[in-house]
Amino acid sequence: MCAAYFDQFKIVSLVALTNSSMMMILAVVVSLLLFRGTKLIPNRWQSIMESIYSHFHGVVKDNLGAEGLKYFPFVLSLFTFIVFLNVFGLFPYVFTPTVHIVVTLGLSFSIVIGVTLGGLWKFKWNFLSILMPDGAPLGLAPLLVIIETVSYVSRAISLGVRLAANLSAGHLLFAILAGFGFNMLIAGTFLSLFPLLIMVFITLLEMAVAVIQAYVFCLLTTIYFGGDTVALH
């Protein structure tokens, strides 16, 4: 019996852990191993890691300034963690935790809560001024506070849903096209190579999506830190 398309999203228990938690541990271990390069003349992997390090250092410094560089290790660690989870999920029989909305929303809500606590710690009650736009009529204050509060909370929802939705759609597309190509190969028609060529293209596209979605997630995280924790906007 063929597996259903949604079987790839099932969380199952493996020994004392689940497939989801095992992949998260693997992503952390791989990240630590790849950032251990200390050679004076870097090899290929160390050069890639140094390029990623340098790029995110520039992104954090441009968005947060010198004061915000204390958040750079967190942003870089978050990127490597998410990007390895996304890329590993493209391999056959490998579970992708970031296709589950509970995982991505857990990450996004944790970040927004951390940003909020950091803003309250630094700006005290002045932090609540982000809920009331400058120059707005005082009579509209209750309505504006409600709107801004919903908008503030929705950032966490959109941050998590964007990551899970893009990866879930890509994995479903993989499964559908793979089944279609397998059926055409069995039929033995001369068009059987066409879906295989499409699979090659989709694979390259999904690899790009896996990296881009991790980058967007971390870039928005940096912007949130800059707008609510380092300085009020």
Side-chain heavy atoms nearer than 4.5 Å, only ILVMFWY residues, links allowed to pass through others: does that put [X] and [Y] together?
| X | Y | answer |
| --- | --- | --- |
| Val153 | Leu220 | no |
| Met49 | Val211 | yes |
| Val83 | Leu32 | yes |
| Phe109 | Val99 | no |
| Ile223 | Leu69 | yes |

Rounded at 0.5 Å granularity, tell me how far [atom1] in [X] sits from [atom2] in [Y].
| X | Y | atom1 | atom2 | value |
| --- | --- | --- | --- | --- |
| Glu50 | His57 | CD | NE2 | 13.5 Å |
| Leu205 | Leu173 | CG | CG | 8.5 Å |
| Met22 | Ile25 | CE | CD1 | 7.5 Å |
| Tyr152 | Tyr224 | OH | OH | 9.5 Å |
| Thr98 | Phe88 | OG1 | CZ | 11.5 Å |
| Asn166 | Gln213 | CG | CD | 4.0 Å |

Heavy-atom pair with the smallest gap, counting every atom of [X] and [Y]:
| X | Y | answer |
| --- | --- | --- |
| Ala210 | Leu167 | CA-CD2, 4.4 Å |
| Ser108 | Ala156 | OG-O, 2.8 Å |
| Phe72 | Phe56 | CE1-C, 3.6 Å |

Taking C-beta and beyond as the side chain, do [X] and [Y] meet within less than 4.5 Å on heavy atoms?
| X | Y | result |
| --- | --- | --- |
| Asn86 | Leu163 | yes |
| Thr96 | Met23 | no |
| Ile111 | Leu78 | yes |
| Phe95 | His100 | yes |
| Arg155 | Leu159 | no |
| Leu90 | Thr203 | no |
| Thr222 | Tyr71 | no |

Test side chain to side chain contact (heavy atoms under 4.5 Å, CB included) applied to Ile101 - qualifying residues, sequence neighbours left out | Thr104, Leu105, Val161, Ala164
Without swapping roles, check the side chain of Thr116 against the backbone of Val112 for a donor-acceptor pair under 3.5 Å.
-> yes
Side-chain donor or acceptor of Ser151 paired with backbone N/O of Ile147 under 3.5 Å | no
Does the side chain to side chain contact (heavy atoms under 4.5 Å, CB included) test come out yes or no for Val28 and Met24, once each step is laid out?
-> CA-CA 6 Å; Val28 172; Met24 292 183 188; 5.7 Å; no
For Ser21, all residues meeting side chain to side chain donor-acceptor pair (under 3.5 Å), sequence neighbours excluded | Thr18
Who passes side chain to side chain donor-acceptor pair (under 3.5 Å) against His55, sequence neighbours left out?
-> Tyr215
